[in-house]
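For this chain, numbers begin at 1 and follow the sequence in order. Predicted model, so just to flag it, every value in this text is computed and none were measured. Counting convention: from 1, in listed order, for ligands and their atoms alike.
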Amino acid sequence: MKDKIILAIETSCDETAVAVMQGNKLLSNALHSQIDLHKKYGGVVPGIAKLAHIEKFDDVFNQAVDEAGIKLEDIDYVAVTRGLGLAIALEVGINKAKELATKLNVPLLGMSHMAGHLFSALMKENVFEFEHIQYPNLGLLVSGGHTAIVLIKDLFTIEKIGESVDDAAGEAYDKFAMMLGLEYPGGPMVSKLAAEYAPKLEIKLSRIHRHVYVNGYQDGQIKYSLPIPMASSGDLNMSYSGLKTAVKQLINELSGASAKLNIKETGRAEKLTQDQIGELCVMFEAAALNALILKLEQAIKHFSPHELWLGGGVSASPRLQTMLTELAAKHNLISKIADDRKLLTDNAGMIAAAAFVALKQQDEQGDISCNIAELYEVGNFGKLDRVTNLSL
Ligand code: KG4
Ligand code: ZN
């Protein structure tokens, strides 16, 4: 019997994406990024995203089908991101998926975007490697919209055990970048500058009572200091708004500004030297990432996992990848991160992987009782996606 073919669609934000997976092999992962359209607004404009998804969908779809070398009749399942994301952007993909599933008379699977980011970690050389894994494991999910630590009890049982109580990690990167006058999305540029300027600062953490700080040393002296909010909160939650305020104050001090920096106001960065901007990126990234790593380490001590899985756009930061790998090595754990950069930021290959898991659960357990997208919204990461027939 031939391995089943899943065609997956993802339009939750600013990437129009279609992928084809056969069995556990990803045959194609096509993508059109709308970043250039949103850049001048400093963020994703939902109406523009929707129109661009509609305009580009067919091209991306045809590319995914051609590259996979399949015929439409070969498709056994259509999977689509049903949440989380921008409603009017999601709707484009969901409508296309419904049309296709109806036309081909195949089941439609409604998938969670965050489940996609989680399972992307198991992709290696375009193969979804789900066998011979020991559980439990921990997942760190860091996207532009959500930041969470999840406990993976088995492939089908995932619970959210910590999350950001305010901004997501990627959102914090983007807002910080905006303060510096860097282009949207700021994350990639901040992590690039941080890597370039890392040799100029020695980063050390210090703890004063219950507060943890990231200190940047130059010539043996502390040059900058930023707090890691909630580091000792006694739970696995994180916060980014305090870091945002602290870094804003630092920019104000460095630029000698008396008035408070408005987050939308990028002009202030003109008063900073290139070295200061670079060093601030090192500091911000160190604080933002240590906030995650400190909590992940607490979770490791509590849950004794075998593996750490990393997913979501911020995992494209080389620094985060290194920190996760080092943390895993320190505790003798296996770390898993998709080996293809394209699978880290939004794409449809990860949605195909999540759909593969949902189908496997259906095969093994007969019933897929809850939906990860809905559960995530009500604060429980829960089990896996139900195989739903949205076309009915
Ligand atoms: O997962 P993703 O592609 O989309 C959402 O689901 O939101 O994540 C996008 C986020 C953006 O905030 C972007 O700035 C951040 O990921 N990002 C990065 C890097 N590449 C993308 N953050 C840090 N370093 C990067 N290299
Ligand atoms: Zn995402």
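- The N, O or S atom of D346 with the smallest distance to the Zn ion (ligand 2) is OD1.
- Contacts between H117 and ligand 1 below 4.0 angstrom, taking non-hydrogen atoms only, involve the side chain exclusively.
- Near S191, with a cut-off below 4.0 Å to any heavy atom, the atoms of ligand 1 are 24 (N), 25 (C), 26 (N).
- Nearest to atom 17 (N) of ligand 1 among the protein's heavy atoms is G313 O, 3.5 Å.
- Looking only at heavy atoms of the protein, atom 12 (O) of ligand 1 is closest to D174 OD2, 2.7 Å.
- At a 4.0 Å cut-off, not a single heavy atom of C13 sits close enough to ligand 1 to count as contact.
- Ion pair D76/K2 flagged as a salt bridge, since at least one NZ, NE, NH1 or NH2 atom sits closer than 4.0 Å to an Asp/Glu carboxylate oxygen.
- Listed by atom number, the atoms of ligand 1 under 4.0 Å from G170 heavy atoms are 12 (O).
- In terms of N/O distances under 3.5 Å, ligand 1 is not approached by L344.
- Side-chain rings of F130 and F119 stay apart, their centers remaining 6.0 Å or farther from each other.
- For N137 (side chain) and Q134 (main-chain N/O), a donor-acceptor pair under 3.5 Å exists by modelled atom type.
- In terms of modelled atom types and a separation under 3.5 Å, the side chain of S232 and the main chain of R210 share a donor-acceptor contact.
- In terms of distance to the Zn ion (ligand 2), the nearest N, O or S atom of H113 is named NE2.
- A donor and an acceptor atom, one from each side chain of D346 and H113, are located under 3.5 Å apart.
- A donor-acceptor distance shorter than 3.5 angstrom exists from the side chain of N24 to the backbone of F128, with no hydrogens or angles considered.
- H146 lies apart from the Zn ion (ligand 2) in this respect, since none of its N, O or S atoms is found at a distance under 2.8 Å.
- Taking 4.0 Å as the cut-off between side-chain N and carboxylate O, E279 and K200 do not count as a salt-bridged pair.
- Between E297 and K330 there is a salt bridge, since a side-chain N of the basic residue sits under 4.0 Å from a carboxylate O of the acidic one.
- With T11 contributing its side chain and V92 its backbone, the two residues share no donor-acceptor pair below 3.5 Å.
- The G145 neighbourhood of ligand 1 comprises atoms 7 (O), with distances under 4.0 Å to a heavy atom of that residue.
- If you number the atoms of ligand 1 from 1 as listed, the ones under 4.0 Å from a heavy atom of Y173 come out as 23 (C).
- Close contacts of ligand 1 with H113, meaning ligand atoms under 4.0 Å from a residue heavy atom, involve 6 (O).
- Comment: E99 does not engage K103 in a salt bridge, judged by the lack of any side-chain N to carboxylate O separation of less than 4.0 angstrom.
- The Zn ion (ligand 2) has no N, O or S atom of C13 inside 2.8 Å of it.
- The protein heavy-atom contact nearest to atom 9 (C) of ligand 1 is G144 N, 3.7 Å.
- With respect to atom 2 (P) of ligand 1, the closest heavy atom belonging to the protein is D346 OD1, 3.2 Å.
- Within H117, the N/O/S atom positioned nearest the Zn ion (ligand 2) carries the name NE2.
- Ion pair D36/K39 flagged as a salt bridge, since at least one NZ, NE, NH1 or NH2 atom sits closer than 4.0 Å to an Asp/Glu carboxylate oxygen.
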